[in-house]
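What follows is a single structure, written as structure tokens, with notes after it.
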Protein chains: 2
Amino acid sequence: MTIKPRAKIRIEEVARTAGVSAATVSRALNNPALVSPQLRAKVEKAAKKLGYVAHGAARALASRRSHALGAVVPTLGNTIFSDAIGAFQRRLEAENYTMLLATSDYDEEVEYRNVRTMIERGVDGLMLVGATHGKALYDLLEASGVPFVQTWAPAKASPYPTIGYDNTALTRIVVDHLAGLGHRDIGMVAGLRRNNDRVRARLVGMRAAMRRHRLPLPASRIVFTDYRIDAVRAAFREMQRRGPMPTALVANNDIVALGLMLEAQSQGIRVPRQLSIVGVGDLEVAAHLHPPLTTIRTPKQTIGTLAAEYLLARIHDRPVELPAELALELVLRGTTAPPPRKDKTV
Amino acid sequence: MTIKPRAKIRIEEVARTAGVSAATVSRALNNPALVSPQLRAKVEKAAKKLGYVAHGAARALASRRSHALGAVVPTLGNTIFSDAIGAFQRRLEAENYTMLLATSDYDEEVEYRNVRTMIERGVDGLMLVGATHGKALYDLLEASGVPFVQTWAPAKASPYPTIGYDNTALTRIVVDHLAGLGHRDIGMVAGLRRNNDRVRARLVGMRAAMRRHRLPLPASRIVFTDYRIDAVRAAFREMQRRGPMPTALVANNDIVALGLMLEAQSQGIRVPRQLSIVGVGDLEVAAHLHPPLTTIRTPKQTIGTLAAEYLLARIHDRPVELPAELALELVLRGTTAPPPRKDKTV
DNA sequence: TCCATTCATGAAAGCGCTTTCTTTTGGCGC
DNA sequence: GCGCCAAAAGAAAGCGCTTTCATGAATGGA
């Protein structure tokens with residue numbers, strides 16, 4: 001049952017066993033084309049036999065390549081990010097890269113520290129969330145020369161490489177839909193703005209869209225919340241407290257939308273008859289809610305995959321281009337309908 | 001806007017700037033107690049001024065410590081794991097460790113490769129999910145001498161350090177509850193068993209508990225599914241196809257439970273009047289469903305935190321002890337009730 | 001006052017690889 | 001059969017740190 005922990009094997013010993021030099025072993029393992037088939041076979045056999053596992057740090061030191069990419073996301077508690085990270089990692093794995101992951105909890109300082117640590121660890125590239133970061137971070141990034149890519153924002157949002165969709169457009173699509181249905185009084189249940197340019201962009205887009213439709217959007221129609229269902233329900237009630245409810249609510253994401261539906265239902269408010277709700281993200285449950293949730297499908301996995309591809313390409317000096325922005329899709333389901341007929345004005 | 005990428009600073013230059021030797025700089029930065037306050041201050045100032053960032057690989061090579069821990073989990077798509085990973089990472093961060101993360105997608109071979117890669121990268125410790133792995137994996141682990149900890153299983157499940165709760169006990173608790181309510185015909189909607197000893201343990205526990213209550217549990221009462229809601233609903237129908245429905249269903253987790261509730265509702269089956277359902281995990285939504293879900297609360301964050309603590313302790317040669325098993329809590333809510341009165345037998 | 005300790009510092013030897021540079025080998029044309 | 005050149009292999013010099021080990025200064029006991 002217990003295996004004798006054999007001493008660690010260094011390249012030297014593989015070389016001796018195979019009857020070649022360490023240099024040849026290194027080449028055979030990392031760049032087989034440089035070694036004749038016979039020696040290559042010998043080396044491979046010896047390596048396998050001895051259970052040779054290269055020493056990553058030594059390799060990184062000598063080659064100036066860590067074969068590791070870093071990712072810093074706000075949180076793993078949101079499937080939006082964990083899905084993207086999953087896709088990112090799978091892409092890396094396919095290319096034999098390792099992922100370093102850290103979470104910042106929407107804290108700029110923590111993010112800075114994490115990035116610094118990763119640079120220190122020698123990551124070959126870095127994935128960040130959001131297109132607006134502190135100057136200190138950008139300075140650090142530029143000083144280190146590590147390729148990086150920002151995510152969840154369209155390319156135009158930053159002078160630095162960025163990949164994602166346009167959050168401004170997102171709320172525009174939603175408002176267009178709602179206004180098209182006849183809604184004139186639309187509210188928004190937004191996420192917290194702290195270090196979250198996605199939320200900020202959506203607000204901007206919301207305001208602009210409302211203006212285009214010549215619809216009012218007083219501050220009282222916007223309420224902020226984190227993504228705990230309790231908090232969302234409280235936000236719902238907060239909006240009620242501020243005056244008569246809007247006929248439609250734009251949620252920051254599907255979880256928020258779910259919370260709103262839950263609170264509406266428990267108050268006997270009919271969705272969508274009395275109140276329309278739109279989510280964002282198209283989580284799996286969205287389609288299964290009662291009624292099924294109208295939402296915007298966002299390309300989370302694509303973001304992770306493309307981020308990985310971009311970084312890998314940069315590292316290997318392959319040409320890459322980032323899409324200007326990723327497509328969004330309005331998924332029409334059962335939570336939106338024309339507003340109730342105005343029997344009483346305001 | 002553009003910062004001139006200053007050349008990378010090596011310890012040598014910090015030493016020169018501070019007017020001391022490289023050895024002193026290293027000591028001042030890593031083990032300040034060994035350096036006199038004056039020199040320490042000088043070094044710190046020089047390091048800050050030059051923006052010195054240590055070279056992790058060189059440091060790892062020289063010190064034989066990577067200051068990185070690895071984690072390999074089946075998937076990030078399940079909050080069970082992403083929450084635990086989040087807690088794990090936060091704990092590491094507090095101690096200035098970095099996390100390497102990889103997902104195996106429940107594939108033993110992928111897991112092996114990932115572990116190998118991490119060992120190669122020189123992780124100081126490793127967190128794994130599950131208490132049963134292939135012999136090859138254990139051999140690798142022992143040969144490398146890297147401390148590791150298994151999770152999501154009780155200590156007794158393995159000769160190796162393991163931290164988690166007892167999945168056998170979990171289903172026992174559920175069955176006890178259901179049987180106590182008067183249910184005699186209980187079904188189980190389990191997860192896929194492939195490389196998943198948690199599911200297998202729950203099956204074992206389920207069978208044992210049913211036996212203790214002298215209740216039958218034919219194979220037809222157990223149906224397997226992955227965690228997509230569509231699949232769960234199909235599983236529900238599959239069970240119906242096999243004969244008259246049980247009066248209670250044990251779900252593999254809250255997502256599965258949700259899927260079951262959804263399907264029941266859409267068929268007009270009343271929960272819990274006609275059908276009791278129990279979940280596992282106590283996800284945040286569980287309390288907000290209609291009716292609120294009876295479920296078992298599992299200590300996911302605790303598992304992540306304790307895993308980190310154990311590993312850190314091992315690395316620093318601090319004494320550690322792992323709890324035999326973590327506590328489970330039955331959260332009674334609205335989806336369980338006595339079975340409908342037997343108007344017609346079987 | 002002198003020697004034995006202790007403490008802070010510096011010099012230098014690696015850590016285990018990769019990669020340049022050099023040497024050797026072998027293929028091929030004449 | 002000889003010489004030339006390309007390809008393959010080896011020797012050795014680092015990569016940028018940490019950590020022994022050695023040294024010198026400072027302290028204290030006799």
Side-chain angles (χ1 to χ4, degrees), chain A residues 6-44 46-47 50-68 96 117 119-124 144-145, chain B residues 6-44 46-47 50-68 96 117 119-124 144-145:
Chain A
R6 333 154 205 162
K8 215 155 283 172
I9 309 298
R10 279 168 304 105
I11 201 172
E12 256 303 323
E13 303 166 42
V14 179
R16 208 174 311 129
T17 308
V20 301
S21 71
T24 299
V25 174
S26 172
R27 278 191 282 254
L29 263 24
N30 301 320
N31 213 339
L34 296 181
V35 174
S36 67
Q38 308 90 288
L39 284 201
R40 196 190 312 157
K42 269 203 222 169
V43 169
E44 275 160 8
L50 296 176
Y52 173 67
V53 175
H55 189 298
R59 167 178 289 181
L61 181 57
S63 69
R64 277 136 258 227
R65 282 262 158 111
S66 68
H67 258 232
N96 236 300
T117 304
I119 289 176
E120 198 161 324
R121 294 281 184 276
V123 293
D124 293 338
S144 71
Chain B
R6 333 155 206 161
K8 216 153 283 173
I9 308 299
R10 280 170 304 106
I11 201 171
E12 256 303 322
E13 304 167 40
V14 179
R16 208 175 309 130
T17 307
V20 300
S21 71
T24 299
V25 175
S26 172
R27 279 192 282 255
L29 263 23
N30 301 320
N31 214 339
L34 296 181
V35 174
S36 67
Q38 309 89 287
L39 285 200
R40 198 190 309 158
K42 268 203 222 169
V43 169
E44 275 160 9
L50 296 176
Y52 173 67
V53 175
H55 189 298
R59 167 178 289 180
L61 181 57
S63 69
R64 277 136 256 231
R65 282 261 156 112
S66 68
H67 258 233
N96 236 301
T117 304
I119 289 175
E120 199 162 324
R121 294 282 183 278
V123 292
D124 293 337
S144 72

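Worth saying up front: this structure is predicted, and the values here are computed from it rather than measured. Just so we're on the same page: letters track the sequence lines, and every chain starts at 1.
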If we ignore hydrogens and angles and just use 3.5 Å, is the side chain of A/Ser66 paired with the main-chain N or O of A/Ala60 as donor and acceptor?
no
B/Asp124 side-chain N/O to B/Arg65 backbone N/O, donor-acceptor pair under 3.5 Å
no
Output every pair passing side chain to side chain donor-acceptor pair (under 3.5 Å) with a member in residues 13-24 of chain A, not counting sequence neighbours, ordered by first then second residue.
A/Arg10-A/Glu13, A/Ser21-A/Thr24
Rounded distance [0.5 Å steps], CZ in A/Arg121 versus NE2 in B/His67:
7.0 Å
Report the distance from atom OG of A/Ser26 to atom CG of A/Leu34, rounding to the nearest 0.5 Å.
9.5 Å
If I take atom CG in residue B/Leu34 and atom C1' in nucleotide D/dT20, what distance separates them, rounded to the nearest angstrom?
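These atoms are roughly 13 Å apart.
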Between atom CG in B/Leu39 and atom P in C/dG10, what is the gap in whole Å?
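It works out to 6 Å between those atoms.
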Could you write out each protein N or O paired with an N or O of nucleotides 22-25 of chain D at a distance under 3.5 Å?
none

Derivation and outcome, side-chain contact (heavy atoms from CB on, under 4.5 Å), residues B/His55 and A/Leu61
CA-CA 9 Å; B/His55 189 298; A/Leu61 181 57; 4.0 Å; yes
4.5 Å side-chain heavy-atom contact, A/Val53 and B/Ser144
no
Find out whether A/Val43 and A/Val35 are in side-chain contact, i.e. whether some heavy atom of one side chain is under 4.5 Å from a heavy atom of the other.
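No, their side chains stay 4.5 Å or more apart.
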Side chain to side chain contact (heavy atoms under 4.5 Å, CB included) with B/Ala47: which residues, sequence neighbours excluded?
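For B/Ala47 the side chain to side chain contact (heavy atoms under 4.5 Å, CB included) partners, ignoring immediate neighbours, are B/Val14, B/Tyr52.
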Per-nt protein contacts along nucleotides 12-23 of chain C (heavy atom under 4.0 Å; B base, S backbone sugar-phosphate only, - none) come out as --BBBBSBB---
Side chain to side chain donor-acceptor pair (under 3.5 Å) against B/Glu120, all qualifying residues, sequence neighbours excluded
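Result, side chain to side chain donor-acceptor pair (under 3.5 Å) vs B/Glu120: A/Arg59.
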With five pairs defining each end axis, the helix from C/dT1-D/dA30 to C/dC30-D/dG1 comes out bent, to 10°, by 40°
